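Here's the structure, in structure tokens; my notes come after.
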Amino acid sequence: MLVFFIDGNFRIWIQLADQNFHFFVDAKQIGQIGGRLGILYLRKVKNIRDILTQKTFTRCDLICLLKAEDGDRRLLFEAASARKAETLGKKVYFRGLIEFSNICSKDCLYCGIRKSNEKVTRYEASDEEILSACRFAWENRFGSVVMQSGELTSPVYVERVDRLLKAIKKFSNGELGITLSCGEQSRETYRRWFESGAHRYLLRIESSSPELYAKIHPGNEHHSFEKRVECLRHLKDCGYQVGTGVMIGLPFQTTEHLADDLLFFRELDVDMVGMGPYIEHEDTPLHVYRHLLKTKQERFDLALKMVASLRLLMPDINIAAATALQSIDPAGREKAIKVGANVIMPNLTPCDFRKEYQLYEGKPCLEEDAALCRNCLEARIELAGSEIGYNEWGDSIHFNNRRNNLG
């Protein structure tokens with residue numbers, strides 16, 4: 001069964017009834033298609049004002065939001081800002097970011113610290129340096145830290161992270177919240193780290209499309225889409241607040257892919273999302289496809305629309321204002337906060353190491369020490385009309401609701 005739509009610009013959409021697939025046709029094609037298959041009915045597509053009054057959204061609704069321009073984009077941003085204020089209030093939560101190692105076993109085709117990039121100087125921060133950064137976060141009332149590294153699974157690595165978790169909990173009297181972003185691990189490792197003090201985990205899917213995922217990763221078992229999704233499910237089973245995310249503006253990526261990413265977040269029922277614009281790195285295989293990319297400004301604008309659309313789709317989750325936004329627009333993170341983000345990550349990595357943890361080119365704040373980074377972000381958040389939730393973990397409301405529903 002075919003359904004025909006006419007939008008506000010008098011373009012005609014054809015959709016298979018009860019299916020998500022749709023495409024545009026011009027007026028001359030209607031007679032040809034209708035003559036062969038039969039036109040069942042014609043109706044006007046919802047405009048963006050109609051969509052923004054809804055509490056739930058279809059794939060076609062999300063595609064429309066992501067394609068919004070000019071006045072429609074302004075309406076989207078205003079609606080997302082209002083939904084955030086209504087659901088979460090004005091608070092923005094700090095997550096002090098500590099990139100403690102750039103040694104990685106993965107060879108992702110987009111990543112500047114991929115295993116095969118021999119131009120990177122590898123490093124591991126010492127336990128003392130990591131704990132010092134965590135202590136700075138605790139003493140400055142950040143509430144939480146994010147411990148991030150390249151992906152490793154060796155027993156030595158697992159034991160080291162476990163030891164650090166216990167040390168952080170001990171010196172902070174259990175007051176400092178801990179998010180891990182340490183890649184794919186076994187269910188047993190996830191459970192061990194959870195029991196030692198980690199309570200949030202970020203594992204970005206990067207694309208929820210298996211086909212696109214295969215284009216941006218090597219084709220081997222070590223880079224498996226199915227394994228990535230399985231790990232996300234293990235994290236939920238272990239009791240973590242689970243976060244994931246995607247890159248926006250990848251080569252080969254369509255608006256439909258991004259709409260599916262948003263629906264993937266909802267289907268997986270995640271508690272937090274970190275996503276930002278894809279920024280190419282010249283020392284990666286994906287760099288050869290840079291001619292296929294949208295401009296950086298277009299990727300930036302699309303990232304803001306993704307944040308706003310996700311805030312409407314999942315009003316009570318935590319959404320991070322990605323650092324990559326600031327590499328395109330100096331006010332990028334504040335703009336994300338205004339349209340729906342409520343988490344920001346000051347970089348507490350020792351300055352000597354920061355230049356070696358560049359997943360993409362043009363990463364900001366490489367020379368700012370922790371105190372300067374904190375002061376800068378405090379001012380930025382105030383300018384964005386928000387306030388910092390000091391000494392608060394800033395747990396996802398969605399997670400608390402999900403846990404309560406489980407009984």
Side-chain angles (χ1 to χ4, degrees), residues 99-124 148-161 180-193 201-238 242-254 257-258 260-261 264-265 267-268 270 274-276 278-293 324 356-361:
E99 299 156 331
F100 65 92
S101 173
N102 68 352
I103 301 171
C104 191
S105 64
K106 291 292 192 75
D107 240 346
C108 304
L109 305 183
Y110 50 81
C111 183
I113 65 167
R114 63 194 303 266
K115 180 181 179 180
S116 295
N117 185 4
E118 297 179 353
K119 296 182 180 179
V120 175
T121 301
R122 303 294 172 176
Y123 75 87
E124 276 192 301
Q148 182 173 2
S149 74
E151 294 198 27
L152 298 173
T153 58
S154 69
V156 171
Y157 177 82
V158 172
E159 172 62 32
R160 185 185 189 214
V161 172
L180 291 179
S181 182
C182 299
E184 297 171 10
Q185 305 291 337
S186 68
R187 183 198 294 262
E188 292 71 29
T189 295
Y190 286 146
R191 187 170 300 280
R192 177 181 180 181
W193 288 348
Y201 204 105
L202 176 63
L203 182 67
R204 287 174 45 144
I205 192 71
E206 302 303 5
S207 174
S208 66
S209 161
E211 293 78 18
L212 182 54
Y213 190 95
K215 289 182 178 180
I216 62 176
H217 294 89
N220 57 46
E221 293 182 357
H222 200 46
H223 300 81
S224 163
F225 176 83
E226 291 74 20
K227 174 67 179 301
R228 201 79 169 174
V229 174
E230 180 184 57
C231 284
L232 286 166
R233 299 194 187 281
H234 287 339
L235 287 164
K236 287 189 73 174
D237 292 342
C238 290
V242 179
T244 191
V246 295
M247 288 180 288
I248 300 161
L250 284 163
F252 320 113
Q253 188 182 59
T254 66
H257 283 137
L258 292 170
D260 289 338
D261 291 337
F264 174 84
F265 302 152
E267 180 183 356
L268 197 62
V270 299
M275 57 184 176
Y278 166 69
I279 300 174
E280 63 273 28
H281 192 298
E282 66 177 357
D283 297 325
T284 63
L286 211 60
H287 193 254
V288 300
Y289 298 107
R290 61 191 179 280
H291 62 285
L292 300 177
L293 297 174
E356 303 302 342
Y357 204 96
Q358 293 201 57
L359 310 183
Y360 53 86
E361 293 177 345

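This structure is a prediction, so every number in the text was calculated from the model and none was measured. Residues: numbered from 1 along the sequence shown.
Between Lys106 and Glu184, at least one side-chain nitrogen of the basic residue sits less than 4.0 Å from a carboxylate oxygen of the acidic one, meeting the salt-bridge criterion. Using a 4.0 Å cut-off between a side-chain N of Lys or Arg and a carboxylate O of Asp or Glu, Glu280 and Arg290 do not qualify as a salt bridge. One finds a salt bridge joining Arg192 and Glu159 here, because a Lys/Arg side-chain nitrogen approaches an Asp/Glu carboxylate oxygen to under 4.0 Å.
Cys182 and Trp193 get closest at one heavy-atom pair: CB-CZ3, 4.0 Å. Taking both residues in full, the closest heavy atoms of Leu293 and Leu250 are given as CD2-C, 4.1 Å, listed atom of the first, atom of the second, then distance. Contact detail for Gly112 and Val120: the closest heavy-atom pair is O-CG2, 3.2 Å. When all heavy atoms are compared, the tightest approach of Phe225 to Pro210 is CE2-CG, 3.7 Å. Taking all atoms of both residues into account, the shortest heavy-atom contact from Asp261 to Ser208 is OD1-OG, 2.5 Å. Counting all heavy atoms, side chain and backbone alike, Ile205 lies closest to Tyr213 at O-CE1, 3.2 Å.
Checking His217, His223, His287 one by one against Tyr110, the ring-ring contact (aromatic ring centres under 6.0 Å, His included) holds for a single residue, His217.
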Step by step, work out the salt bridge (Lys or Arg N to Asp or Glu O under 4.0 Å) result for Arg160 and Glu124.
CA-CA 12 Å; Arg160 185 185 189 214; Glu124 276 192 301; 3.8 Å; yes
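Taken from CZ in Arg191 to CG in Leu235, the straight-line distance is 10.5 Å, to the nearest 0.5 Å. Here CG of Leu232 is found 12.5 Å from CZ of Arg204. Values are rounded to the nearest 0.5 Å. Here the straight-line distance linking atom OG of Ser105 with atom NE2 of His222 works out to 3.5 Å at 0.5 Å rounding. With rounding to the nearest 0.5 Å, the separation of CG in Asp283 from OG in Ser116 is 12.0 Å. The SG atom of Cys111 sits 9.5 Å away from the CG atom of Asn102 when rounded to the nearest 0.5 Å. Here CG of Leu180 is found 10.5 Å from CD of Gln148. Values are rounded to the nearest 0.5 Å.
In this structure, Arg233 contributes its side chain and Leu268 its backbone to no donor-acceptor pair below 3.5 Å. Between the side chain of Arg122 and the backbone N or O of Ser101, no donor-acceptor pair lies under 3.5 Å. With Gln253 contributing its side chain and Gly249 its backbone, the two residues share a donor-acceptor pair below 3.5 Å. The main-chain N or O of Gln185 is never found under 3.5 Å from a side-chain atom of Thr153 such that the two would form a donor-acceptor pair. A side-chain donor-acceptor contact under 3.5 Å links Asp107 to the backbone of Lys115. Without hydrogens or angle criteria, Asn117 side chain to Thr284 main chain gives no donor-acceptor distance under 3.5 Å.
In this structure, Phe264 and Val270 have side chains that are not in contact, with every pair of non-hydrogen atoms separated by 4.5 Å or more. The shortest distance between side-chain heavy atoms of Glu211 and His257 does not fall below 4.5 Å. Between Glu99 and Tyr123, the closest side-chain pair of non-hydrogen atoms falls below 4.5 Å. Side-chain contact between Pro251 and Leu286: present, with at least one pair of heavy atoms (C-beta onward) separated by less than 4.5 Å. By the 4.5 Å heavy-atom criterion applied to side chains, Cys108 and Ile216 are not counted as neighbours.
Side-chain rings of Tyr201 and Tyr190 approach one another, their centers coming within less than 6.0 Å.
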